Undergrad: 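Would you mind keeping the following structure in view while I ask a few things?
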Amino acid sequence: MLSKELLNKNRILTMSNNRTCDQLIVNIGCDSTIMMAVSTRGGVKDILLIKEIFNKNLINLTDVAYWVCREFGIHEIMTDGLGIGREFYNLFKNKLPKQDINISFSNLAKYEAAKKLEIAVKQGTLRLLQTPECAFYGYRKPFLGFSEVMNSHLETDKLLDEIDNIEYRVTASGNYVLMLKNSEINRARLDCLLYCYTDPK
């Protein structure tokens, strides 16, 4: 779908000068949760934080989401409208009813969102964190702590691997679907990114 070479051209960001985001995307899985902080200003989507959280209960996840929102000035959370995402939604709303953070659902239309993602990468309107090597030498006093910042750059590597692992296939009924080239590489980060290109309910 998208070559690593093209994706790497969009790796231009650091957190040093980009500390404000507009959305937090929360993709809750069985074993881990991916959170992605996104700035949507100026007609681009800047992915500034990617965080994988293992084996946390929903109460802890709402706490992590809240503090990521506080750190990056985020006022909007988007999550899956099914299953655990709905439970997270209800708990967040009940726990933080007076906060100025809106939370909404999105039903992920993967193929349509992937086509929008492909266009965004080619137009340069999706921007990603630099490689870990660039980050290692570029940061002086990272505001989140060096290990937290580096982790987001490493998670960006994994995101690119997941994007590189998908392909379009046509079903017997003539519909296009996304398939994995290698079933051992999951798509949790990619699905989180695709929410950025899916309209909320």
Side-chain angles (χ1 to χ4, degrees), residues 1-27 32-53 64-79 101-102 106 108 110 113-166 185-200:
M1 186 180 94
L2 291 165
S3 69
K4 280 279 190 78
E5 181 182 5
L6 181 58
L7 288 163
N8 280 319
K9 287 181 180 177
N10 293 33
R11 295 191 76 168
I12 61 173
L13 301 174
T14 70
M15 285 192 217
S16 296
N17 301 317
N18 301 280
R19 299 186 181 180
T20 304
C21 290
D22 305 290
Q23 287 184 325
L24 179 68
I25 314 296
V26 180
N27 183 22
S32 69
T33 296
I34 303 294
M35 293 188 184
M36 189 174 284
V38 185
S39 172
T40 60
R41 294 165 196 178
V44 298
K45 293 186 189 296
D46 290 345
I47 312 301
L48 292 175
L49 177 81
I50 305 175
K51 188 177 186 72
E52 184 170 22
I53 303 136
V64 173
Y66 173 73
W67 287 110
V68 170
C69 288
R70 287 288 301 270
E71 187 71 56
F72 284 89
I74 295 170
H75 297 283
E76 181 184 351
I77 297 176
M78 187 184 299
T79 190
I101 301 172
N102 297 317
S106 180
L108 183 56
K110 291 180 182 175
K115 292 305 289 182
K116 292 179 184 176
L117 168 63
E118 187 174 6
I119 293 167
V121 170
K122 290 176 178 176
Q123 292 178 342
T125 58
L126 171 69
R127 302 190 304 185
L128 304 164
L129 289 173
Q130 292 176 341
T131 63
E133 293 77 18
C134 288
F136 184 82
Y137 294 106
Y139 284 109
R140 295 293 178 265
K141 295 181 179 178
F143 69 113
L144 289 174
F146 189 72
S147 62
E148 184 76 26
V149 167
M150 285 300 296
N151 185 60
S152 280
H153 286 265
L154 292 167
E155 288 291 322
T156 302
D157 279 352
K158 295 177 184 176
L159 171 63
L160 267 60
D161 288 340
E162 291 181 14
I163 294 172
D164 185 53
N165 189 45
I166 62 170
I185 299 175
N186 78 28
R187 55 190 284 170
R189 292 159 196 80
L190 171 61
D191 284 350
C192 206
L193 177 61
L194 290 178
Y195 279 113
C196 296
Y197 295 94
T198 302
D199 295 328

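The model shown is predicted, which means the values in this text are computed figures rather than measured ones.
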Undergrad: Does some side-chain heavy atom of Arg187 sit less than 4.5 Å from a side-chain heavy atom of Lys110?
TA: yes
Undergrad: What do you reckon, is NZ of Lys9 surrounded by more than 12 foreign heavy atoms closer than 6.0 Å?
TA: no
Undergrad: Not counting sequence neighbours, which residues clear side chain to side chain donor-acceptor pair (under 3.5 Å) with Asn10? List them please.
TA: none
Undergrad: Do Leu117 and Leu190 have side-chain heavy atoms sitting under 4.5 Å apart?
TA: yes
Undergrad: Answer whether the closest heavy-atom distance between the side chains of Leu6 and Lys122 falls below 4.5 Å.
TA: yes
Undergrad: Nearest 0.5 angstrom please: Thr156 OG1 to Met36 CE, how far?
TA: 7.5 Å
Undergrad: Check the pair Asn8 / Leu160 against side chain to side chain contact (heavy atoms under 4.5 Å, CB included), numbers first and verdict last.
TA: CA-CA 8 Å; Asn8 280 319; Leu160 267 60; 3.4 Å; yes
Undergrad: Is there a side chain to side chain contact (heavy atoms under 4.5 Å, CB included) between Ile185 and Glu162 once you walk through the steps?
TA: CA-CA 7 Å; Ile185 299 175; Glu162 291 181 14; 4.1 Å; yes
Undergrad: Can you find a heavy atom in the side chain of Ile77 that is under 4.5 Å from one in the side chain of Val26?
TA: yes
Undergrad: Under the rule for side chain to side chain contact (heavy atoms under 4.5 Å, CB included), what residues qualify as partners of Thr40, not counting sequence neighbours?
TA: Asp22, Gln23, Val38, Lys45
Undergrad: Please check if atom CZ in Arg41 has more than 12 non-hydrogen atoms from other residues, nucleotides or ligands closer than 6.0 Å.
TA: yes
Undergrad: Would you sort out whether Lys4 and Asp161 count as a side chain to side chain contact (heavy atoms under 4.5 Å, CB included), showing the intermediate values?
TA: CA-CA 8 Å; Lys4 280 279 190 78; Asp161 288 340; 2.7 Å; yes
Undergrad: At what distance, to the nearest 0.5 angstrom, does OG1 of Thr131 lie from CZ of Arg11?
TA: 6.0 Å
Undergrad: Quick one: closest heavy-atom pair of Cys196 and Ile47, and the distance?
TA: SG-CD1, 4.5 Å
Undergrad: Compare all side-chain heavy atoms of Val121 with those of Ile163 and state whether any distance is below 4.5 angstrom.
TA: no
Undergrad: Does the side chain of Glu155 reach to within under 4.5 Å of the side chain of Lys51, using non-hydrogen atoms?
TA: no
Undergrad: Is there a side-chain contact between Pro132 and Asp157 in this structure, where contact means two heavy atoms from C-beta onward sitting under 4.5 Å apart?
TA: yes
Undergrad: Does the side chain of Glu52 reach to within under 4.5 Å of the side chain of Arg189, using non-hydrogen atoms?
TA: yes
Undergrad: Measure the CD1-CD1 distance between Ile50 and Ile34 for me, rounded to the nearest 0.5 Å.
TA: 8.0 Å
Undergrad: When you measure from the side chain of His153 to the backbone of Gln130, do you find a donor-acceptor pair of N or O atoms at a distance under 3.5 Å?
TA: yes
